[in-house]
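Taking it in order: structure first as structure tokens, then the write-up.
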Amino acid sequence: MSSLIIPPVLTSPQDDAAQLHRAFKGFGCDTAAVVNILAHRDATQRALIQREYKAMYSKGLIKHLKSELSGNLEKAVLLWMYDPASRDAVIIKEALCGETVHLRRATEVMCSRTSTQLQQLRQLYLSMFQSYIEHDIQNVASGDHKKLLLAYVSKPRYEGPEIDGDMVAKDAEALYKAGEKRWGTDEDKFIQIFSERSRAHLAAVSSTYKNLYGNSLKKAIKNETSGYFEFGLQTIVRCAENPGLYFAKILYKAMKGLGTDDTTLIRIIVTRTEIDMQYIKTEYHRKYKKTLHDAVRSETSGSYKDFLLSLLG
């Protein structure tokens, strides 16, 4: 459930474009006006504003935002301007092919998305970058981690709530035999089940595994695998069980301790606002006894803080 708050009476895209243009004029940028408009428009509305801005001023809105904003506010606003699927494509492309490769970031995005989201992402990735996502994965990932990502992005999965109890029990047993029961690990069996089964099915497998063998599936993965491969499997099973809690934990880690991991904070808040941020906020408060609003407010400042808080609703 989205946390985005859109005004009940909207100004037209032309008026929004004109207000943004005024915010850019003169000495300095009226960042409050930029935040007030863009943080309260959905993906379709943001696209219309960009179209009108280009028609009215013969310059792309993105170029103007880049020249007028700076720091974390610039990063957050520019990422926000994409629709969700295009944004995921941009994040993954930069993680796989940027100056510094960020395999953990790419894995988080790919393994936390639904099958439908991934199919749309693959198509957009190709049209935006003239490159297959599978090709870029091949170039930078390796071993079982590479096999998992290639299987997970390419195989369509059922997304309904129905499960087959017998198949759930068979998969739980297969994973036990592939991991904790044997010497060494049958990684291919983990990859097959995790890349082919629905979220509802995997959540049931995780519950059944604990009932049958006393150990949680997540603990078995930790004991039997390592590195990015382990991270990918954990992401898949945690998002099958409770995606809201998964992202709440990432946000908490990004803000705890000395300094804030702003890159992660921006990525999670911006990418989840139009998807399931209300659920993430609920899970955050339940687990950490503090609202996500309060946490973000204490860890950020200025217009950047105002922008993130506006997205949180």
Inset, instruction - Would you indicate whether the side-chain heavy atoms of D136 and F129 approach each other to under 4.5 Å? - result: no
Legend entry - D306-S303 side chain donor-acceptor pair, cut-off 3.5 Å: no
Legend entry - Single-linkage hydrophobic cluster I250~I275, side-chain heavy atoms < 4.5 angstrom: no
Legend entry - I193 side chain reached by L202 side chain, heavy atoms, under 4.5 Å: yes
Legend entry - Working for salt bridge (Lys or Arg N to Asp or Glu O under 4.0 Å), residues R87 and E274: CA-CA 12 Å; R87 187 188 300 125; E274 294 177 280; 3.7 Å; yes
Legend entry - Step-by-step side chain to side chain contact (heavy atoms under 4.5 Å, CB included) determination, C111 to L149: CA-CA 8 Å; C111 292; L149 292 186; 3.9 Å; yes
Inset, instruction - Go through the side-chain N and O atoms of N242 and E283 and say whether any donor and acceptor fall under 3.5 Å apart. - result: yes
Legend entry - Check: V237 and L233 side chains under 4.5 Å, non-hydrogen atoms: no
Inset, instruction - Could you tell me whether the side chain of R238 reaches within less than 4.5 Å of the side chain of K249, counting heavy atoms only? - result: yes
Inset, instruction - Report yes or no: does Q45 contribute a side-chain atom to a donor-acceptor pair with the main-chain N or O of D42 at less than 3.5 Å? - result: yes
Inset, instruction - Check T264 against D261 and note the closest heavy-atom contact, atom names and distance. - result: OG1-OD2, 2.7 Å
Inset, instruction - Identify the heavy atoms of I269 and M277 that sit nearest to each other, and give their distance. - result: CA-CE, 3.7 Å
Inset, instruction - Begin from the C-alpha positions of E299 and K305 and carry the test salt bridge (Lys or Arg N to Asp or Glu O under 4.0 Å) through to its verdict. - result: CA-CA 8 Å; E299 295 295 329; K305 174 179 73 176; over 6 Å; no
Inset, instruction - Check whether any side-chain heavy atom of R199 sits under 4.5 Å from a side-chain heavy atom of C239, and report yes or no. - result: yes
Inset, instruction - Take D294 and T291 through the test side-chain hydrogen bond (donor to acceptor under 3.5 Å, both in side chains) and record every step on the way to the result. - result: CA-CA 5 Å; D294 287 345; T291 69; 3.2 Å; yes
Legend entry - Step-by-step salt bridge (Lys or Arg N to Asp or Glu O under 4.0 Å) determination, E108 to R267: CA-CA 11 Å; E108 173 212 286; R267 181 177 69 257; 2.8 Å; yes
Inset, instruction - Could you pull out the closest heavy-atom pair between L20 and V34, with the gap in Å? - result: CD2-CA, 3.9 Å
Inset, instruction - Please report the shortest heavy-atom distance between S112 and T235, naming the atom on each side. - result: N-CG2, 3.9 Å
Inset, instruction - Give a yes/no verdict on a cation-pi contact between R272 and Y279, requiring under 6.0 Å between NZ or CZ and the six-membered ring centre and an angle within 45° of the axis. - result: no
Inset, instruction - Would you please indicate if the ring centroids of H145 and Y228 are separated by under 6.0 Å? - result: yes
Legend entry - Donor-acceptor contact below 3.5 Å, side chain Q50 vs main chain I62: no
Inset, instruction - Please examine the side chains of L61 and M81, heavy atoms only from C-beta on, and report whether any two atoms are closer than 4.5 Å. - result: yes
Inset, instruction - Give the minimum heavy-atom separation between Q192 and R197, together with the two atoms involved. - result: NE2-NH2, 4.3 Å
Inset, instruction - Using atom types as modelled and distance alone, determine if a side-chain donor or acceptor of H201 lies under 3.5 Å from a backbone N or O of D171. - result: no
Legend entry - Connected via hydrophobic side-chain network under 4.5 Å: V140 and L148: yes
Inset, instruction - Answer whether the closest heavy-atom distance between the side chains of L79 and I91 falls below 4.5 Å. - result: yes
Inset, instruction - Indicate the atoms forming the closest heavy-atom contact of K290 with S298, along with that distance. - result: NZ-OG, 3.8 Å
Inset, instruction - Please test E196 against R157 for side chain to side chain contact (heavy atoms under 4.5 Å, CB included), starting from the C-alpha separation and ending with a verdict. - result: CA-CA 6 Å; E196 293 179 1; R157 285 172 293 282; 5.5 Å; no
Legend entry - Flag, side chain of Q234 to backbone of I221, donor-acceptor distance under 3.5 Å: no
Legend entry - Side chains of S2 and Q278, donor plus acceptor under 3.5 Å: no
Legend entry - Check: S86 side chain, Y82 main-chain N or O, donor-acceptor pair, under 3.5 Å: no
Inset, instruction - Could you tell me whether E94 atom CD has more than 12 heavy atoms of other residues or ligands within 6.0 Å of it? - result: no
Legend entry - Student check: side-chain heavy atoms of F24 and L65 closer than 4.5 Å: yes
Legend entry - Greater than 12 external heavy atoms within 6.0 Å of R51's CZ: no
Inset, instruction - Report the residue from N36, I5, L4, V35 that forms a side-chain contact (heavy atoms from CB on, under 4.5 Å) with S310. - result: V35
Legend entry - Listed partners of T185 passing side-chain contact (heavy atoms from CB on, under 4.5 Å), at least two apart: E187, F190, E224
Inset, instruction - May I have the step-by-step check of side chain to side chain contact (heavy atoms under 4.5 Å, CB included) for D144 and K147, ending in yes or no? - result: CA-CA 5 Å; D144 295 314; K147 287 192 219 172; 3.7 Å; yes
Inset, instruction - May I ask you to decide if W80's main-chain N or O and R46's side chain share a donor-acceptor pair within less than 3.5 Å? - result: yes
Legend entry - Linked, directly or transitively: L121 and Y132 (ILVMFWY side chains, under 4.5 Å): no
Legend entry - Side chain E180, main chain K177, donor-acceptor under 3.5 Å: no
Inset, instruction - Enumerate the residue pairs fulfilling salt bridge (charged side-chain N to carboxylate O under 4.0 Å, His left out) with a member in residues 73-84, sequence neighbours excluded, ordered by first and then second residue. - result: none
Inset, instruction - Compute whether any side-chain donor of one residue and acceptor of the other, for Y209 and S216, lie under 3.5 angstrom apart. - result: no
Legend entry - Atom NZ of K54 with >12 non-hydrogen neighbours under 6.0 angstrom: no
Inset, instruction - Determine whether L78 and M128 fall in the same hydrophobic cluster, where Ile, Leu, Val, Met, Phe, Trp and Tyr are linked whenever their side-chain heavy atoms lie under 4.5 Å apart. - result: yes
Inset, instruction - If the plane angle is over 60° it's perpendicular, under 30° parallel, otherwise tilted; pick one for Y288 and Y252. - result: parallel
Legend entry - L38 CG to L311 CG distance, which is reported to the nearest 0.5 Å: 10.0 Å
Legend entry - Donor + acceptor pair across side chains of Q119, R122 (<3.5 Å): yes
Inset, instruction - Verify whether one side chain among Y53 and D16 offers a donor that lies under 3.5 Å from an acceptor in the other. - result: no
Inset, instruction - Kindly determine whether I92 and M110 satisfy side chain to side chain contact (heavy atoms under 4.5 Å, CB included), including the steps that lead there. - result: CA-CA 8 Å; I92 292 171; M110 285 185 253; 3.6 Å; yes
Legend entry - Linked, directly or transitively: M167 and Y176 (ILVMFWY side chains, under 4.5 Å): no
Inset, instruction - Report yes or no: does S67 contribute a side-chain atom to a donor-acceptor pair with the main-chain N or O of H64 at less than 3.5 Å? - result: yes
Legend entry - R104 to F231, cation-pi by 6.0 Å centre distance and 45° axis angle: yes
Legend entry - Check: A178 main-chain N/O paired with K181 side-chain donor or acceptor under 3.5 Å: no
